[in-house]
Structures are given as structure tokens and as C-alpha cells.
Q: 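The structure under discussion is supplied below as C-alpha cells; questions concerning it will follow.
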Amino acid sequence: MGAAMQVQAAGELRASVGAGAFELDAGGGDKLEGEPTSFDFRAAFKPTENVFLRAQYTLSSADEVEVDGVDYDLDTDINTLRLAVGYGGNVGAVRLYGAVEYVDLELELSVDGENLKATDDGVALTGGIGDQGTGDWIWGVELSLIKLDELDGASLDASVGYRFTPAFAVVGGVQSYAFEDSDDYEYNFGQLYIGAQLSF
């Protein structure tokens, strides 16, 4: 989302905090649910007018989960890393872009001093539409189709913000993920976030 600036060799840094929810559905009515707090960091760089590079790291943490309606003290961390290379261009009043991304997903549960960790990685194909980076308002929407080793899914990210100066903006949005594995287990999580963006 942070590659819409038209200036040659432009870069952007974004940091935000959010609140969200996750659900692991094993089928047969067994569900694990939580409401984590999220910290999201993003960086983007445009070496040319059309090519961009970007990275995103999101940490979502909760210290209590609900299993089939019963609350448990269980530390849960969901870490997501995305690294992308993409290509975009202006079409009329908007900017259209596409990207190929490396995605790494990690889930860690901590209970009674024991850590249970599951990791998966793969690729995503992403397409988006956004502002051209010249006005006061920032906005963008993108959809990703994700293929990991053990999971198939998609993500949606939509954001809107306002530039108080050419270098500083406040941005808020929503990001959600939905996955399913070969055993029809479903994994869903998302966040509402608000943060600040610096452009240079």
C-alpha cells in the first residue's frame, strides 16, 4: 500500500497499532478464539517510477483465548512477514499495481512454560488500487491470493489517511486473512489499525 508516491526514488515508513480477532476452527464445533493487540510496521521504496519494493511485519499478541466458550490464560502470538516486489502505474486519476510477495506466517502458543510453534511460508499474488500520492488524502485497497506450504487463502487490506504535510500523514485501515488447510481446518484473523506514515 505504501508505494503510491510519484517522486523518483521515494520511500515510505509506516507504524501502527491495532486491535483484532482470530479464530481457529478445527471443525465439529471446536473453536479457539482470541482478541489480540497488533503492532504493524511497513516500509516501501520506489527505485523507479513504476517498480517498487516493500516489506511488512505484523505481530499480534493475546494473553487469553476462548475455547468452545471457555476462557483460558494462554499467550498467543501471530507473526506475519511479507516481502514484495511490484510494478504499478497511473491510470486516469488512480494508481493500479501488482506484486509478487514472499509470506511467512508463524503461530506460537505458550502455556505452563511450554511453547507450541507452527510456521508456514509461501507466496502471494497481490493486486491493488490507490491514490497517486499527490493529494492530501491517502487511500488504497488491495487483495492477495496466498499459497503457503500447508495453507491456501487470501487477504484484504484497505486504508485511508490524511497528509498533514508532504512528509507526515495519519493512516487507518483494516486487514484480514482467511486460510484453509487440506484437512478443512480454517484459520481467520484480522485487525483494525491506526498509525503514522513518513514519506521521504
Q: In the single-linkage hydrophobic clustering (I, L, V, M, F, W, Y; side-chain heavy atoms under 4.5 Å), do F189 and F39 co-cluster?
A: no

Q: With a 3.5 Å distance limit and no angle check, can you tell me whether D120 reaches the backbone of E150 through a side-chain donor-acceptor pair?
A: yes

Q: Atom CD in E142, atom CD1 in I129: separation rounded to 0.5 Å?
A: 12.0 Å

Q: Do Q197 and S159 have side chains that approach each other closer than 4.5 Å (heavy atoms only, starting at C-beta)?
A: no

Q: Main chain of V94, side chain of Q132: is a donor-acceptor contact present, judged purely on distance under 3.5 Å?
A: yes

Q: Would you say N50's side chain and G88's backbone share a donor-acceptor pair under 3.5 angstrom?
A: yes

Q: Answer yes when D157 and R42 have at least one side-chain N-carboxylate O distance shorter than 4.0 Å, and no when they do not.
A: yes

Q: Taking the side chain as every heavy atom from C-beta outward, state whether D75 and D77 have any atom pair closer than 4.5 Å.
A: no

Q: Compare every heavy atom of A62 with every heavy atom of P36, then report the nearest pair and how far apart it is.
A: CA-CB, 3.8 Å

Q: Going through the distances and angles, do R54 and E101 end up as a salt bridge (charged side-chain N to carboxylate O under 4.0 Å, His left out)?
A: CA-CA 9 Å; R54 72 179 187 185; E101 302 188 68; 3.5 Å; yes

Q: So how far is it from L105 CG to I78 CD1, rounded to the nearest 0.5 Å?
A: 7.5 Å

Q: Can you see whether S144 engages R82 through a side-chain donor-acceptor pair at a distance of less than 3.5 angstrom?
A: yes

Q: Report whether V51 and V91 are members of the same hydrophobic cluster (ILVMFWY, side-chain heavy atoms less than 4.5 Å apart, transitive linking).
A: no

Q: Determine the minimum heavy-atom distance between A43 and L13, stating which atoms define it.
A: CB-CD2, 3.6 Å

Q: For Y185, does its backbone N or O pair with a side-chain atom of D183 as donor and acceptor, under 3.5 Å?
A: no

Q: Any donor-acceptor pair under 3.5 Å linking the side chain of D40 with the backbone of Y193?
A: no

Q: Would you give the length of the straight line joining atom CG of D71 to atom CD of E33, rounded to the nearest 0.5 angstrom?
A: 10.0 Å

Q: When rounded to the nearest 0.5 angstrom, what distance separates CD in Q191 from OG1 in T80?
A: 8.5 Å

Q: According to a hydrophobic-cluster definition based on side-chain heavy atoms being under 4.5 Å apart (Ile, Leu, Val, Met, Phe, Trp, Tyr only), do Y177 and L125 belong together?
A: no

Q: If I compare all heavy atoms of S199 with all of P166, which pair ends up nearest, and what's the gap?
A: CB-O, 3.8 Å

Q: Parallel, tilted or perpendicular: which one describes the rings of Y162 and W137, with boundaries at 30° and 60°?
A: perpendicular

Q: Are L116 and L107 packed together at the side-chain level, in the sense that at least one heavy-atom pair is separated by less than 4.5 angstrom?
A: no

Q: Determine whether the aromatic ring centres of F41 and Y57 lie less than 6.0 Å apart.
A: no

Q: Between atom CG of L53 and atom NZ of K46, what is the distance when rounded to the nearest 0.5 Å?
A: 11.5 Å

Q: Over all heavy atoms of both residues, which pair between V141 and Y97 is shortest? Give the atoms and the distance, please.
A: O-OH, 4.3 Å

Q: Has E106 got more than 12 heavy atoms of other residues, nucleotides or ligands less than 6.0 Å from its CD?
A: yes

Q: Take atom CG in D63; do more than 12 heavy atoms of anything else shown fall under 6.0 Å from it?
A: no

Q: With a cut-off of 6.0 Å (strictly less than), are more than 12 heavy atoms of other residues, nucleotides or ligands near OH of Y102?
A: yes

Q: Membership question, hydrophobic clusters at under 4.5 Å side-chain separation (ILVMFWY): are L198 and F164 in the same one?
A: yes

Q: Decide side chain to side chain contact (heavy atoms under 4.5 Å, CB included) for S16 and V171; before the verdict, give the C-alpha distance in whole Å, the side-chain angles of both, and the deciding distance to 0.1 Å.
A: CA-CA 8 Å; S16 61; V171 182; over 6 Å; no

Q: Just how far is it from atom CG of N188 to atom CZ of F179, taken to the nearest 0.5 Å?
A: 9.5 Å

Q: Does E180 CD have over 12 foreign heavy atoms under 6.0 Å away?
A: yes

Q: Among the clusters formed by ILVMFWY side chains lying less than 4.5 Å apart, do Y72 and L109 turn up in the same one?
A: yes

Q: Quick one: does D131's side chain have a donor or acceptor within less than 3.5 Å of a partner on W139's backbone?
A: yes

Q: N115 and S110: which non-hydrogen atoms are nearest, and at how many Å?
A: OD1-OG, 2.6 Å

Q: Could you pull out the closest heavy-atom pair between Y187 and D181, with the gap in Å?
A: OH-OD2, 3.3 Å

